[in-house]
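Have a look at the structure below, then the notes.
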Amino acid sequence: MSEGIVVGMDVVDLPTPVVVIDGAILRRNVAEMAAHAAALGVALRPHWKTTKSAEAARMQREAGAVGHTAATTAEMLALADGISPSVFLAYPPVGGPRVAAVLDAVRRAEVIVGADSIAAVEDLSAAASAAGLIVPVRLDVDSGLHRTGVAPEHAVAVARGISALPGLVLEGVWTHEGHVQGVGADSDLRRETGLGAGRTLVETADAIRADGIEVRSVSVGSTPGVRSAPTVPGVTEARPGTYVLGDENQVAIGTVAPEDVAVAVHSRVVSTEPEDWVIIDAGIKAMSSDGSMHGDGRIGTVVSAGGGIVATGHEEHGFLRGAADARVGDVVRVRPNHACGVMNMHGVVAVAEDGVVTEVWRILARH
């Protein structure tokens with residue numbers, strides 16, 4: 001809900017459901033990750049899908065980020081429109097609309113495109129060549145997530161093929177070590193998994209270089225893996241996203257401390273009539289339906305007095321279980337499972353300091 005959010009309001013008076021970001025925690029998270037990347041000697045290119053906010057992107061740039069990562073062409077275009085000087089599109093540029101968007105963005109900012117096959121960039125090659133443009137490409141390498149990414153043993157051949165296409169230049173290699181999160185709360189196993197992903201990518205880069213092809217960037221990216229994968233010698237860039245806001249899934253596996261979560265969805269109790277539930281006004285349209293690392297199907301965790309979990313949700317109704325002494329009209333603060341999904345559900349968010357709204361941010365490039 002965006003109507004009625006005004007700077008100076010007490011957060012308890014905000015219309016609900018509403019996303020509220022703690023500005024002090026956000027700034028601390030930005031500074032801490034920038035210091036971590038600097039200590040490792042790697043470039044920081046945060047994934048922008050977490051905030052989709054021009055203001056947050058500016059904070060990250062001022063702290064030293066070299067640019068940003070985009071998941072969609074809408075995000076890429078928004079970032080290229082004066083928000084960030086360098087954008088990495090971590091998604092295959094397949095289809096005419098994506099190709100056209102890349103050619104538009106590359107005229108306004110540095111734009112690098114990720115792809116895992118020759119077929120994924122053939123149309124981009126033809127269009128860029130016809131327009132007299134050169135588009136940098138990073139080769140997507142599967143380091144264990146098994147979502148996209150060329151198998152490491154086939155990477156040299158694909159790199160060779162991409163390098164031969166007109167209108168393109170192979171700029172580097174990248175991976176999303178998202179499987180580190182899937183390891184769960186075992187910190188030692190998480191670290192080994194992240195290190196394994198980093199080593200796989202560095203070894204792949206070295207193999208491509210041995211074939212006579214320059215590889216400038218070796219880029220890893222995830223919040224669960226940011227303490228491990230970028231520490232591998234030879235990695236040049238890290239692309240964490242969720243770190244800036246935190247969320248319940250990161251708390252559940254131990255990669256973000258509860259006190260470092262900057263985001264919550266504020267919701268009101270609207271009914272206590274059901275025997276088994278308390279009903280709040282934050283359902284899946286406010287919380288998103290992203291899964292929980294707790295494994296119990298919840299869509300959020302209450303972090304205000306009274307506790308409980310949002311066990312499930314309909315579009316506009318959240319089913320709160322385990323709440324103590326809930327009354328109609330009470331405001332509850334819910335920590336979302338996944339910050340990125342929640343931000344995409346809201347048109348504007350409130351930024352607060354000491355319980356008072358200090359800024360209202362518009363969320364850009366929503367689906």
Side-chain angles (χ1 to χ4, degrees), residues 30 33-34 37-38 42-116 120-121 123-140 162-163 165-176 214-221 236-241 243-244 340 343-344 361-367:
V30 168
M33 188 58 71
V42 300
L44 179 63
R45 186 185 293 273
H47 210 314
W48 193 57
K49 70 183 178 70
T50 303
T51 68
K52 291 177 177 278
S53 156
E55 294 86 350
R58 183 178 65 250
M59 288 183 188
Q60 291 169 321
R61 282 281 295 133
E62 290 174 351
V66 298
H68 288 84
T69 302
T72 68
T73 52
E75 291 175 4
M76 173 192 67
L77 288 167
L79 286 166
D81 193 21
I83 294 176
S84 189
S86 179
V87 185
F88 171 48
L89 177 62
Y91 203 89
V94 176
R98 288 195 180 97
V99 169
V102 170
L103 295 191
D104 181 6
V106 80
R107 291 180 169 94
R108 293 185 276 137
E110 178 186 54
V111 174
I112 307 163
V113 174
D116 63 3
V121 292
D123 288 347
L124 178 61
S125 166
S129 180
L133 298 171
I134 301 293
V135 179
V137 174
R138 285 182 181 172
L139 179 61
D140 181 7
I162 291 175
S163 296
L165 291 173
L168 307 179
V169 60
L170 189 72
E171 187 267 354
V173 294
W174 71 285
T175 195
H176 169 49
E214 182 181 9
V215 177
R216 287 175 44 213
S217 296
V218 181
S219 177
V220 297
T236 66
E237 181 180 275
R239 308 182 325 276
Y243 79 92
V244 69
C340 308
M343 295 296 280
N344 188 63
W361 288 356
R362 185 158 300 280
I363 305 306
L364 307 174
R366 297 170 62 210
H367 279 289

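The structure displayed is predicted, hence computed values, not measured ones. Sequence positions, counted from 1, serve as the residue numbers for this chain.
- Applying the side chain to side chain donor-acceptor pair (under 3.5 Å) rule to S53 yields the partners E55; only residues at least two apart in sequence or on another chain are considered.
- Remark: side-chain polar atoms of D140 are not paired, donor with acceptor, to backbone N or O of V173 under 3.5 angstrom.
- Listed by chain and residue number, S143 satisfy the side chain to side chain donor-acceptor pair (under 3.5 Å) test with T175 (two or more places apart in sequence, or in another chain).
- Nearest heavy atoms, V106 versus L103: CG1-O, 3.4 Å.
- Partners of A70 by side-chain contact (heavy atoms from CB on, under 4.5 Å), not counting sequence neighbours, listed by chain and number: E75, M76, L79, V87, L89.
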Quiz item: Would E171 and S217 satisfy side-chain hydrogen bond (donor to acceptor under 3.5 Å, both in side chains), going step by step from the backbone distance to the final call?
Solution: CA-CA 6 Å; E171 187 267 354; S217 296; 2.5 Å; yes
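- Proximity of V102 to L124: side-chain heavy atoms (C-beta onward) are separated by under 4.5 Å at one or more points.
- Partners of D116 by side chain to side chain donor-acceptor pair (under 3.5 Å), not counting sequence neighbours: none found.
- Put simply, CD1 on I83 and CG on L364 are 5.5 Å apart, with the number rounded to the nearest 0.5 Å.
- Counting heavy atoms from C-beta outward, T51 and V244 have side chains that approach closer than 4.5 Å.
- Under the 4.5 Å side-chain criterion, counting only non-hydrogen atoms from C-beta, V220 is not in contact with E237.
- Considering every non-hydrogen atom in both V99 and P93, the closest pair reads CG2-O, 3.6 Å.
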In a table with atom names and distances, give each donor-acceptor pair under 3.5 Å that connects a side chain of residues 57-66 to protein atoms at least two apart or in another chain.
{"residue": "Q60", "atom": "OE1", "partner": "H68", "partner atom": "NE2", "Å": "3.0"}
{"residue": "Q60", "atom": "NE2", "partner": "Y243", "partner atom": "OH", "Å": "3.0"}
{"residue": "R61", "atom": "NH1", "partner": "A65", "partner atom": "O", "Å": "2.6"}

Quiz item: Could you go step by step and tell me if L168 and V121 meet the side-chain contact (heavy atoms from CB on, under 4.5 Å) rule?
Solution: CA-CA 9 Å; L168 307 179; V121 292; 3.8 Å; yes
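- Listed by first then second residue, pairs satisfying side chain to side chain donor-acceptor pair (under 3.5 Å) with a partner in residues 85-102 read R45-S86, S86-E110, not counting sequence neighbours.
- A131 is linked by a side-chain contact (heavy atoms from CB on, under 4.5 Å) to R107, L133, counting only residues two or more places apart in sequence or in another chain.
- Using a 4.5 Å heavy-atom cutoff, the side chains of L139 and I162 are in contact.
- Between R239 and S219, the closest heavy-atom pair is NH1-OG, 2.8 Å.
- With sequence neighbours left out, P97 forms a side-chain contact (heavy atoms from CB on, under 4.5 Å) with no residue at all.
- Residue pairs meeting the salt bridge (Lys or Arg N to Asp or Glu O under 4.0 Å) criterion with at least one partner in residues 80-96, sequence neighbours excluded, are D81-R108.
- F88 carries R138 over the face of its six-membered ring, with the cationic atom under 6.0 Å from the centre and within 45° of the normal.
- G172 approaches V215 most closely through the heavy-atom pair CA-CG1, 3.8 Å.
- Looking at heavy atoms from C-beta onward, W174 lies out of side-chain contact with I112 at the 4.5 angstrom threshold.
- Residues A109 and S84 share a closest heavy-atom pair of CB-O, 3.9 Å.
- Looking at heavy atoms from C-beta onward, M343 lies out of side-chain contact with T50 at the 4.5 angstrom threshold.
- Residues passing the side-chain contact (heavy atoms from CB on, under 4.5 Å) test with A74 are T72, A365, sequence neighbours excluded.
- Between the side chain of S125 and the backbone N or O of P166 there is at least one donor-acceptor pair closer than 3.5 Å.
- Between V42 and T236, the closest side-chain pair of non-hydrogen atoms is not below 4.5 Å.
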